**Q** 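Here it is, the structure in full.
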Amino acid sequence: MGLKIYNTLTRKKETFEPVHPGKVGMYVCGVTVYDMCHIGHARSVVLFDVIYRYLLKSGFQVTYVRNFTDIDDKIINRANKLGENWKDLAERFIKEFSVDMDALGVKRPTIEPKATDHIPDILSLISALIEEAHAYEVDGDVMFSVSSFSPYGKLSGKKTEDLVSGARVDVDEKKKDPLDFALWKAAKKGEPFWNSPWGPGRPGWHIECSAMSMRYLGSSFDIHGGGSDLTFPHHENEIAQSEAATGESFVRFWIHNGFVNIRSEKMSKSLGNVLNIRDILKEVHPEALRLFLLSSHYRSPLDFNDTSIREASVGLERMYSALMALEELINAGGIVNELPEELSDLGSKFEDAMDDDFNTPKGLALLFDASRAINRIHAEAGPNKDKIPIKESLENVKKTLLGWANEVLGLLNEAPEIFIENARRSGAKDLNITKEEIERLVQERSEARKAKNFKLGDEIRNRLLEYGILIEDGPKGSTWRVRD
RNA sequence: GGCGGCUUAGCCAAGUGGUAAGGCGACGGUCUGCAAAACCGUUAUUCGGCGGUUCAAAUCCGCCAGCCGCCUCCA
């Protein structure tokens with residue numbers, strides 16, 4: 001069928017064909033490292049992680065570049081405020097970022113370049129732009145001349161006339177045109193700087209991404225991604241800088257993800273509702289967060305609230321529970337030759353879903369369909385081997401299921417029985433009763449029940465319930481879990 | 001003001017011309033001493049409203065209503 005991707009540049013789904021057959025160059029705007037990462041960052045990173053994983057699974061040789069912006073006004077301001085060296089601050093948050101990404105099960109990109117490691121690339125790119133009269137120097141600053149690049153606005157769909165009349169563009173004495181933007185900023189007193197042909201200073205925000213992406217992927221590459229807010233001005237400016245400098249088409253496919261809202265409100269520092277990844281993961285399993293982030297289409301807005309994240313956790317448990325049932329069926333082995341459609345077609349249907357602009361909600365629906373089919377076999381077969389498919393085909397189902405759920409979506413990494421056990425016991429440390437005491441009471445109740453003393457058994461069950469402990473009686477005896 | 005997007009069951013959410021995926025919840029059932037958990041089943045004659053195009057529309061076009069994003073640092 002072939003991969004189709006919605007391209008912001010053309011506003012259409014287009015068939016994906018890389019510049020060099022079999023190889024993909026992908027650049028995604030990373031984070032400015034001045035604070036902890038929030039759930040909005042998580043959405044973007046997880047989306048492109050899934051895209052990266054899918055391209056790899058499709059057989060492409062992928063060079064995936066995700067940068068760190070480690071020099072910027074926000075970093076300098078924060079460092080000054082905290083009395084910390086700006087470089088130390090940036091390094092500190094790069095480490096924190098990596099901790100969060102590892103926790104989220106995000107695959108490391110091929111290259112994670114830092115802006116400050118690429119000053120020579122940035123300088124030569126700026127020099128080229130000045131030579132071609134696409135940029136000019138004023139008092140140690142270098143500005144890009146927007147009017148020198150006629151396609152300006154092609155990504156965001158903006159017309160330069162509209163932008164000029166929109167009164168929100170800063171008027172700056174140094175700019176020949178209000179739309180011009182800084183490529184190089186002259187250092188103010190006490191600010192970090194690098195030497196340049198225009199004096200000491202530091203790179204503007206947009207130029208670093210042009211420099212780093214072209215450094216690793218060439219002047220024309222396949223995919224560039226980021227949050228939808230970066231479309232303008234950041235990505236628009238990247239196109240202008242890069243294409244003005246090289247005369248080549250910069251990027252084939254622009255992919256932008258939608259925003260995460262918090263309880264129907266925009267997440268912002270002023271509203272005080274910014275949710276850090278670190279804090280969320282104290283309450284929520286990382287895979288549940290991934291499932292949540294992938295449960296609606298990547299371009300749609302996504303609302304984070306107690307219900308939505310709870311649903312994701314429950315859904316994940318459902319998948320693990322089916323995986324456990326599948327493993328039991330494999331161990332039992334059977335004689336049935338055919339598989340239900342939900343299991344035999346899983347691979348090709350999942351691929352179709354992903355090929356259709358990375359339709360992860362549809363993919364998840366297929367995984368739930370497969371889960372139900374597995375559970376149905378499990379429930380109907382019982383101990384009868386004549387109702388269970390043969391071992392080999394069940395093993396193929398598991399391979400396919402994990403091939404997509406695990407390799408591509410980054411879910412179902414754990415052994416199911418361990419996952420389910422942990423999910424049941426999570427939060428036990430916050431209770432007013434020790435684990436040993438719980439175990440003792442459960443044991444006491446089991447003995448009472450064995451003696452048909454159900455009155456005492458129920459009494460103990462109620463007592464434990466007051467502590468927030470639920471008893472579950474199964475064929476292998478009684479177990480307990482923390483009530484939600 | 002300019003540009004773009006969205007509106008599908010109680011809630012979340014796929015579906016861009018061929019007659020409504022999936023999840024949560026709710027309800028019914030299996031299991032159980034009774035529960036719980038798990039599992040199974042049921043749950044939109046209809047896609048914001050009104051017109052139009054078509055053999056056929058949630059899907060295309062027009063108008064109206066409501067919501068949202070970007071235009072300024074932002075994933």
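Chain letters run A, B, ... following the sequence lines, proteins first and then strands; every chain starts at 1. The figures here come from the full heavy-atom set of this structure, side chains too, leaving out hydrogens, waters and symmetry mates. What you see is a predicted model; the values in this text were computed from it and never measured.
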**Q** From the set B:A37, B:C70, B:A14, return the single nucleotide nearest to any side-chain atom of A:K158.
**A**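 Among B:A37, B:C70, B:A14, the one nearest the side chain of A:K158 is B:C70.
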
**Q** Separation of A:R290 atom CZ from B:G23 atom P, in whole Å?
**A**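 Those two atoms, CZ and P, are 22 Å apart.
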
**Q** Please determine whether ring pair (Phe, Tyr, Trp, His ring centres under 6.0 Å) holds for the pair A:F221 and A:F250, giving the CA-CA distance in whole Å, both sets of side-chain angles, and the decisive distance to 0.1 Å.
**A** CA-CA 6 Å; A:F221 59 95; A:F250 180 44; 5.2 Å; yes

**Q** Provide, to the nearest angstrom, the distance between the NZ atom belonging to A:K349 and the C1' atom belonging to B:A14.
**A**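 Roughly 14 Å, once rounded to whole Å.
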
**Q** Any salt bridge between A:D35 and A:R78, counting N to O under 4.0 Å?
**A**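 Salt bridge between A:D35 and A:R78, a charged N being under 4.0 Å from a carboxylate O: yes.
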
**Q** Could you tell me which residues satisfy side chain to side chain contact (heavy atoms under 4.5 Å, CB included) with A:T400, sequence neighbours excluded, listed by chain and number?
**A**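 So A:T400 forms a side chain to side chain contact (heavy atoms under 4.5 Å, CB included) with A:L346, A:W404.
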
**Q** Between A:R66 (side chain) and A:Y27 (backbone), is there a donor-acceptor pair under 3.5 Å?
**A**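 No, the answer is negative, given that no donor and acceptor are paired below the 3.5 Å cut-off.
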
**Q** How far, in whole Å, is B:U16 from B:C34 if one measures between their P atoms?
**A**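 Nearest-Å result for B:C34 against B:U16 at atom P: 49 Å.
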
**Q** Is A:K349 paired with A:E341 through a side-chain N to carboxylate O contact shorter than 4.0 Å?
**A**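 Yes, A:E341 and A:K349 are salt-bridged.
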
**Q** What is the separation between atom CZ on A:R11 and atom C1' on B:C70, rounded to the nearest whole Å?
**A**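 About 11 Å, once rounded to whole Å.
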
**Q** Starting from the 5' end of RNA chain B, give me the residue, A:D303 or A:H38, whose nearest nucleotide shows up first.
**A**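 Checking each residue's closest nucleotide, the 5'-ward one belongs to A:D303.
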
**Q** 5'-most contact on RNA chain B: A:N305 or A:I39, nearest heavy atom basis?
**A**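 Nearer the 5' end of the strand: A:N305.
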
**Q** Identify, with sequence neighbours excluded, every residue that meets side-chain hydrogen bond (donor to acceptor under 3.5 Å, both in side chains) alongside A:K452.
**A**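 Once residues adjacent in sequence are excluded, A:K452 has no partner under the side-chain hydrogen bond (donor to acceptor under 3.5 Å, both in side chains) criterion.
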
**Q** Side-chain N or O of A:N359 less than 4.0 angstrom from OP1 or OP2 on B:G15?
**A**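 Indeed, a polar side-chain atom of A:N359 lies that close.
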
**Q** Please report the distance separating the C1' of B:A44 from the corresponding atom of B:U53, rounded so that it comes out in whole Å.
**A**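 Per the computed distance, 26 Å lies between those C1' atoms.
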
**Q** What base-paired stems does RNA chain B take part in, with at least 3 consecutive Watson-Crick or G-U wobble pairs and both distances under 3.5 Å?
**A**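 The stems that RNA chain B takes part in, listed by first number, are B:1-7 with B:65-71, B:10-12 with B:22-24, B:25-30 with B:38-43, B:48-52 with B:60-64.
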
**Q** Has A:N375 got a side-chain N or O lying under 4.0 Å from the OP1 or OP2 atom of B:C40?
**A**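 Yes.
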
**Q** Between B:A36 atom P and A:I438 atom CD1, what is the distance in whole Å?
**A**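 Atom CD1 in A:I438 sits about 20 Å away from atom P in B:A36.
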
**Q** Does A:E437 come within less than 4.0 Å of A:R440, counting only side-chain N to carboxylate O?
**A**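 Here A:E437 pairs with A:R440 in a salt bridge, since their nearest N and O are under 4.0 Å apart.
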
**Q** Using a 4.0 Å heavy-atom cut-off, write out nucleotides 6-11 of chain B from 5' to 3' as B (base contacted by protein), S (sugar-phosphate only) or - (no contact).
**A** -----B

**Q** What is the distance, rounded to the nearest whole Å, between atom CG of A:L293 and atom P of B:A13?
**A**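 Nearest whole value for this atom pair: 13 Å.
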
**Q** Could you tell me how far apart A:F304 (CZ) and B:C12 (C1') are, to the nearest whole angstrom?
**A**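 It works out to 14 Å between those atoms.
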
**Q** Pick out the pairs of N or O atoms, protein on one side and nucleotides 20-22 of chain B on the other, that lie under 3.5 Å.
**A**
none

**Q** Restricting to side chain to side chain contact (heavy atoms under 4.5 Å, CB included), what partner residues turn up for A:E96, sequence neighbours left out?
**A**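 Residues passing side chain to side chain contact (heavy atoms under 4.5 Å, CB included) with A:E96: A:M36, A:F93, A:R278.
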
**Q** Detail all sub-3.5 Å separations between protein N/O atoms and N/O atoms belonging to nucleotides 31-35 of chain B.
**A**
unit_1 : atom_1 : unit_2 : atom_2 : d
B:G33  : N7     : A:R449 : NH2    : 3.4
B:G33  : O6     : A:R449 : NE     : 2.9
B:G33  : N1     : A:D458 : OD1    : 3.1
B:G33  : N2     : A:D458 : OD2    : 2.8
B:C34  : O2     : A:R461 : NH2    : 2.7
B:C34  : N3     : A:R461 : NH1    : 3.0
B:C34  : N3     : A:R461 : NH2    : 3.3
B:C34  : N4     : A:D473 : OD2    : 3.1
B:A35  : N6     : A:D473 : O      : 3.2
B:A35  : N1     : A:D473 : N      : 3.2
B:A35  : N1     : A:D473 : OD2    : 3.3
B:A35  : N3     : A:R461 : NH1    : 3.0

**Q** Using a strict 4.0 Å threshold on nitrogen-to-oxygen distance, state whether A:K13 and A:D356 make a salt bridge.
**A**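 Yes, charged N to carboxylate O under 4.0 Å.
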
**Q** Indicate whether the side chain of A:S156 and that of A:T231 have a donor and an acceptor atom separated by less than 3.5 Å.
**A**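 Looking only at side-chain atoms, A:T231 and A:S156 do not form any donor-acceptor pair under 3.5 Å.
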
**Q** Which residues pass the side-chain hydrogen bond (donor to acceptor under 3.5 Å, both in side chains) test with A:E317, sequence neighbours left out?
**A**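 Counting only residues at least two positions away or on another chain, A:E317 forms no side-chain hydrogen bond (donor to acceptor under 3.5 Å, both in side chains).
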
**Q** Which of residues 227-237 of chain A sit near RNA chain B, with a heavy atom under 4.0 Å from it?
**A**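 Within this stretch, A:G227, A:D229, A:L230, A:F232 sit under 4.0 Å of the strand.
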
**Q** Tell me every residue that passes side chain to side chain contact (heavy atoms under 4.5 Å, CB included) with A:E417, counting only those two or more places apart in sequence or in another chain.
**A**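 A:E417: side chain to side chain contact (heavy atoms under 4.5 Å, CB included) contacts with A:M324, A:E327, A:A415.
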
**Q** What is the distance from CZ of A:F48 to P of B:A75, rounded to the nearest Å?
**A**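 Whole-Å distance recorded here is 13 Å.
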
**Q** For nucleotides B:U43 and B:C50, find the distance between their C1' atoms and express it as a whole number of Å.
**A**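 Approximately 30 Å lies between the C1' atom of B:U43 and that of B:C50.
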
**Q** Distance check, P atoms only: B:U46 and B:U59, in whole angstrom units.
**A**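 Taking atom P in both B:U46 and B:U59, they lie 15 Å apart.
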
**Q** Test side-chain hydrogen bond (donor to acceptor under 3.5 Å, both in side chains) on A:S147 and A:D177 and set out the steps.
**A** CA-CA 8 Å; A:S147 62; A:D177 184 310; 4.7 Å; no

**Q** According to side chain to side chain contact (heavy atoms under 4.5 Å, CB included), who are the partners of A:D102, at least two apart in sequence or on a separate chain?
**A**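 Result, side chain to side chain contact (heavy atoms under 4.5 Å, CB included) vs A:D102: A:R108.
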
**Q** Is the distance from OP1 or OP2 of B:G41 to the nearest side-chain N or O of A:R376 less than 4.0 Å?
**A**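 Yes, such a contact exists.
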
**Q** So A:F419 and A:Y320, would you call those rings parallel, tilted or perpendicular, with 30° and 60° as cut-offs?
**A**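 Rings of A:F419 and A:Y320: parallel, under 30°.
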
**Q** Which class fits the ring pair A:H235 and A:H256: parallel under 30°, tilted 30 to 60°, perpendicular over 60°?
**A**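 A:H235 vs A:H256 ring planes: tilted.
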
**Q** Mind checking the P distance from B:G5 to B:C24? Whole angstroms is fine.
**A**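 Their P atoms lie roughly 33 Å apart.
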
**Q** I'd like to check the side-chain hydrogen bond (donor to acceptor under 3.5 Å, both in side chains) partners of A:H234; sequence neighbours left out, ordered by chain and number.
**A**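 If we apply the side-chain hydrogen bond (donor to acceptor under 3.5 Å, both in side chains) test to A:H234, skipping adjacent residues, the hits are A:H206, A:E238.
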
**Q** Nearest-Å distance, CD1 (A:I374) to C1' (B:A38)?
**A**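 Taking CD1 of A:I374 and C1' of B:A38, I get 15 Å after rounding.
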
